[in-house]
Amino acid sequence: MPELPDVEHFRRAFAEAAAGHRVERVVVTDPGILRNVHADELDRALRGHRFEEPDRLGKWLIAGTDGPAILVHFGMTGDIIGAPDPTGRHPHDRVIIELDRGEVRYRNMRKLGGLWLASGPEEVGELLAGVGPDALSLDRRRFLELLDRRRGRIKAALLDQSLLAGIGNLLADEALWRAKIHPARRIEDLSLEERRTLYRALRATMRDTVERYPEGFETRWTRVRGRPAARCPRCRTPLTRTVVAGRTTYFCPAEQLLPGSP
DNA sequence: TCAGTTGTTTATAT
DNA sequence: AATATAAACAACTG
């Protein structure tokens with residue numbers, strides 16, 4: 001389920017398991033998950049190095065050491081698991097980093113996403129050069145500036161990782177629902193008040209999902225989204241399912257209106 | 001059997 | 001130049 005809140009959780013799990021610990025060995029059970037490095041190279045590069053506090057940019061996990069760093073993207077099914085010993089390893093644990101105490105596992109069922117090796121902070125910057133500012137650390141002024149130089153559908157903009165990073169399909173739908181803005185509204189038609197409302201809704205949704213993880217995703221909205229005969233938690237109108245920006249989209253047809261339609 | 005899935009990239013079209 | 005759309009990636013679920 002990885003969107004920003006999930007990856008923030010993975011970052012904390014990685015920190016808990018690996019920060020301050022030394023790599024003893026890297027086990028790659030599926031080289032197909034490695035994007036810019038071979039398994040033996042990865043092992044050679046990381047072995048003996050000590051992990052620092054990991055960072056996150058949007059949906060990217062950045063795990064630096066006193067030498068190289070790894071970049072991890074989770075696609076739709078990635079996960080980070082820290083464990084004290086090899087007990088409970090799973091067939092979808094594609095990379096396992098054995099540490100001087102315990103191990104940390106990169107699990108990914110569908111193998112969208114992957115793991116990159118960077119020689120250091122400079123190469124991390126190069127690999128993530130196209131990623132926009134992190135949605136969680138974006139202030140309102142900056143958010144409004146981003147919208148000012150963007151046109152087209154608001155949901156497409158929210159999902160564009162080069163514009164702002166971390167918002168996925170669920171977060172976008174929920175924030176737009178909270179703000180009562182139709183996902184296909186054109187940005188140039190949104191009033192200043194609507195943009196401010198959207199910013200507040202986005203912050204509230206991110207706050208709820210990050211700080212009350214994983215229950216944060218069990219909000220009124222996500223409990224109903226995607227279920228058959230789903231109804232708006234506020235007004236009980238049946239939700240509409242459509243496609244916006246190439247993604248399945250749910251919205252309340254009574255509260256999230258598109259100009260020109262009833 | 002087949003549609004659908006929380007993400008991204010690529011190609012193509014507008 | 002931007003934005004929109006569809007397909008592909010891969011593996012599993014209902």
Side-chain angles (χ1 to χ4, degrees), chain A residues 1-11 29-36 56-61 71-80 90-95 106-116 127-132 134-136 146-177 182-190 202 205-206 208-210 212-219 221-230 239-251 258:
Chain A
M1 24 159 143
E3 299 188 35
L4 182 150
D6 309 278
V7 180
E8 176 58 22
H9 171 76
F10 301 156
R11 189 192 67 77
T29 64
D30 184 348
I33 203 71
L34 303 180
R35 300 301 164 179
N36 70 342
R56 181 189 54 75
L57 178 62
K59 301 171 190 174
W60 289 88
L61 172 66
L71 301 181
V72 185
H73 198 285
F74 297 88
M76 294 212 271
T77 55
D79 199 357
I80 289 287
H90 187 278
H92 297 145
D93 291 334
R94 313 289 181 179
V95 178
Y106 171 41
R107 186 172 297 179
N108 195 331
M109 187 261 281
R110 274 174 73 187
K111 297 204 291 183
L112 304 174
L115 186 149
W116 284 253
L127 286 164
L128 300 183
V131 181
D134 189 75
L136 198 54
L146 292 178
L147 291 190
D148 274 338
R149 47 183 172 81
R150 173 83 183 202
R151 288 170 294 111
R153 295 172 171 183
I154 182 61
K155 180 168 175 179
L158 293 179
L159 293 178
D160 184 346
Q161 301 300 300
S162 67
L163 188 71
L164 75 172
I167 299 172
N169 200 31
L170 268 46
L171 210 42
D173 272 9
E174 173 156 351
L176 289 164
W177 171 75
H182 191 291
R185 285 284 300 283
R186 304 195 66 82
I187 294 167
E188 52 272 40
D189 296 336
L190 293 177
L202 210 43
T205 308
M206 288 190 293
D208 289 354
T209 49
V210 169
R212 308 202 326 248
Y213 191 91
E215 306 83 40
F217 259 126
E218 294 294 314
T219 60
W221 171 253
T222 46
R223 267 208 306 271
V224 302
R225 184 194 186 283
R227 307 187 85 88
L239 297 180
T240 297
R241 178 189 195 273
T242 181
V243 173
V244 176
R247 309 300 305 277
T248 299
T249 298
Y250 288 88
F251 66 96
L258 203 53

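As a basis for the values below, the full set of heavy atoms in this structure was taken, side chains included, without hydrogen atoms, waters or symmetry mates. Each chain gets a letter, A, B and so on, in the order its sequence line appears, and its residues count up from 1.
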- Heavy-atom distance under 4.5 Å between the side chains of A:Leu127 and A:Asn36, does that happen here? yes
- Item | Contact check, side chains of A:Leu112 and A:Thr77, non-hydrogen atoms, under 4.5 Å | no
Protein N or O to nucleotides 3-8 of chain C N or O, pairs below 3.5 Å:
| from | atom 1 | to | atom 2 | distance (Å) |
| --- | --- | --- | --- | --- |
| C:dT3 | OP1 | A:Arg151 | N | 3.0 |
| C:dA4 | OP1 | A:Arg153 | N | 3.2 |
| C:dT5 | OP2 | A:Arg153 | NH1 | 3.2 |

Quick one: [atom1] on [X] to [atom2] on [Y], what's the gap to the nearest 0.5 Å?
X: A:Arg35; Y: A:Leu115; atom1: CZ; atom2: CG; value: 9.5 Å
X: A:Leu158; Y: A:Leu146; atom1: CG; atom2: CG; value: 10.5 Å
X: A:Leu147; Y: A:Leu190; atom1: CG; atom2: CG; value: 7.5 Å
X: A:Arg107; Y: A:Ile80; atom1: CZ; atom2: CD1; value: 10.5 Å
X: A:Leu239; Y: A:Arg241; atom1: CG; atom2: CZ; value: 12.0 Å
X: A:Asp79; Y: A:Asn108; atom1: CG; atom2: CG; value: 9.0 Å

- Task: Could you measure between the two P atoms, the one in B:dT6 and the one in C:dT3, and give it in whole Å?
- Result: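 Here B:dT6 and C:dT3 have their P atoms 24 Å from each other.
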- Query: If you measure from the P atom in B:dA3 to the same atom in C:dA6, how many Å do you get, rounded?
  - Reply: 16 Å
What pairs of nitrogen or oxygen atoms, one from the protein and one from nucleotides 11-14 of chain C, lie under 3.5 Å apart?
| from | atom 1 | to | atom 2 | distance (Å) |
| --- | --- | --- | --- | --- |
| C:dA11 | OP1 | A:Lys111 | NZ | 3.3 |
| C:dC12 | OP1 | A:His92 | NE2 | 2.9 |

Given 3.5 Å as the limit, does a donor-acceptor pair link the side chain of [X] with the main chain of [Y], or not?
X: A:Glu3; Y: A:Gly166; value: no
X: A:Thr29; Y: A:Arg94; value: yes
X: A:Asp208; Y: A:Thr205; value: no
X: A:Gln161; Y: A:Ile167; value: yes
X: A:Arg56; Y: A:Gly58; value: yes

In whole Å, I'd like the distance from the [atom1] atom of [X] to the [atom2] atom of [N].
X: A:Tyr250; N: B:dT6; atom1: OH; atom2: C1'; value: 12 Å
X: A:Met76; N: B:dG4; atom1: CE; atom2: P; value: 13 Å
X: A:Asn108; N: C:dC9; atom1: CG; atom2: C1'; value: 12 Å

Distances for protein N/O vs nucleotides 8-11 of chain B N/O pairs under 3.5 angstrom?
| from | atom 1 | to | atom 2 | distance (Å) |
| --- | --- | --- | --- | --- |
| B:dT8 | OP1 | A:His73 | NE2 | 3.2 |
| B:dT8 | OP2 | A:Lys59 | NZ | 3.0 |

- Mind checking which stems touch DNA chain C? I mean at least 3 consecutive Watson-Crick or G-U pairs, both distances under 3.5 Å.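 Detected stem regions: B:2-5 with C:11-14, B:7-14 with C:2-9.
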Return the polar atom pairs (N/O with N/O) between nucleotides 1-3 of chain B and the protein under 3.5 Å, or none.
none

- Query: When all nucleic acid strands are considered with a 4.0 Å heavy-atom cut-off, which category describes A:Arg225: base, sugar-phosphate, or nothing?
  - Reply: sugar-phosphate
- Task: Return the set of residues passing side-chain hydrogen bond (donor to acceptor under 3.5 Å, both in side chains) with A:Lys155 (not counting sequence neighbours), or none when no residue passes.
- Result: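 Scan of A:Lys155 (side-chain hydrogen bond (donor to acceptor under 3.5 Å, both in side chains), adjacent residues dropped) gives A:Asn169, A:Asp173, A:Thr249.
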- Task: Using the six-membered ring wherever Trp is involved, compare the ring planes of A:Phe74 and A:Tyr106 and label them parallel, tilted or perpendicular (cut-offs 30° and 60°).
- Result: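 Perpendicular: the ring planes of A:Phe74 and A:Tyr106 meet at over 60°.
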- Message: In terms of relative ring orientation, are A:Trp221 and A:Trp177 parallel, tilted or perpendicular, with 30° and 60° separating the classes?
- Response: parallel
